[in-house]
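In what follows, a structure is listed as structure tokens, so that the remarks can point back to it.
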Amino acid sequence: MRKSFKLDKIDCANCARKLQEKIAALPGVESASVNFMTQKLTLQAADDDFDAVLDTVIELAADIEPDCEIIR
């Protein structure tokens, strides 16, 4: 499954790159793209695991960028 989410308050392109690299390295993530210009996260993971992977991504994003929120 592949879905896109709005990112609220991502501060800079470097932060977006760092977030993308950390998300892509998570177990269960098939691909991840964070676009600073459009403030968008595109996440791909197996259908059965998608919700659990997304929960992990949200927790990771809060740790890396406390001001950034992934809007479902």
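Scored by the side chain to side chain donor-acceptor pair (under 3.5 Å) test, N35 finds T38 as partners (sequence neighbours excluded). Residues passing the side chain to side chain donor-acceptor pair (under 3.5 Å) test with S33, sequence neighbours excluded: none.
Pairs engaging residues 41-52 under the salt bridge (Lys or Arg N to Asp or Glu O under 4.0 Å) rule: none recorded [sequence neighbours left out].
Of all non-hydrogen atoms in F36 and A16, the two that sit nearest each other are CB-CB, 3.9 Å. When all heavy atoms of L54 and F5 are compared, the pair lying nearest together is CD2-CZ, 3.7 Å.
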I'd like a table of donor-acceptor pairs (distance under 3.5 Å, sequence neighbours excluded) in which one partner is a side-chain atom from residues 17-32, with atom names and distances.
from	atom 1	to	atom 2	distance (Å)
R17	NE	N14	OD1	3.3
R17	NH1	E21	OE1	3.1
R17	NH1	E21	OE2	3.1
R17	NH2	N14	OD1	2.6
Q20	OE1	V34	N	2.8
E30	OE1	Q44	NE2	3.3
E30	OE2	A46	N	3.3
S31	OG	Q44	OE1	3.4

Distance-only donor-acceptor hits, side chain of residues 61-72, under 3.5 Å, sequence neighbours excluded:
from	atom 1	to	atom 2	distance (Å)
R72	NH2	D55	OD1	2.5

Test log, rule side-chain contact (heavy atoms from CB on, under 4.5 Å), inputs D8 and Q39 | CA-CA 7 Å; D8 189 35; Q39 303 280 295; over 6 Å; no
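Two residues are said to be in side-chain contact when any heavy atoms from C-beta on lie closer than 4.5 Å; R2 and L43 fail this criterion.
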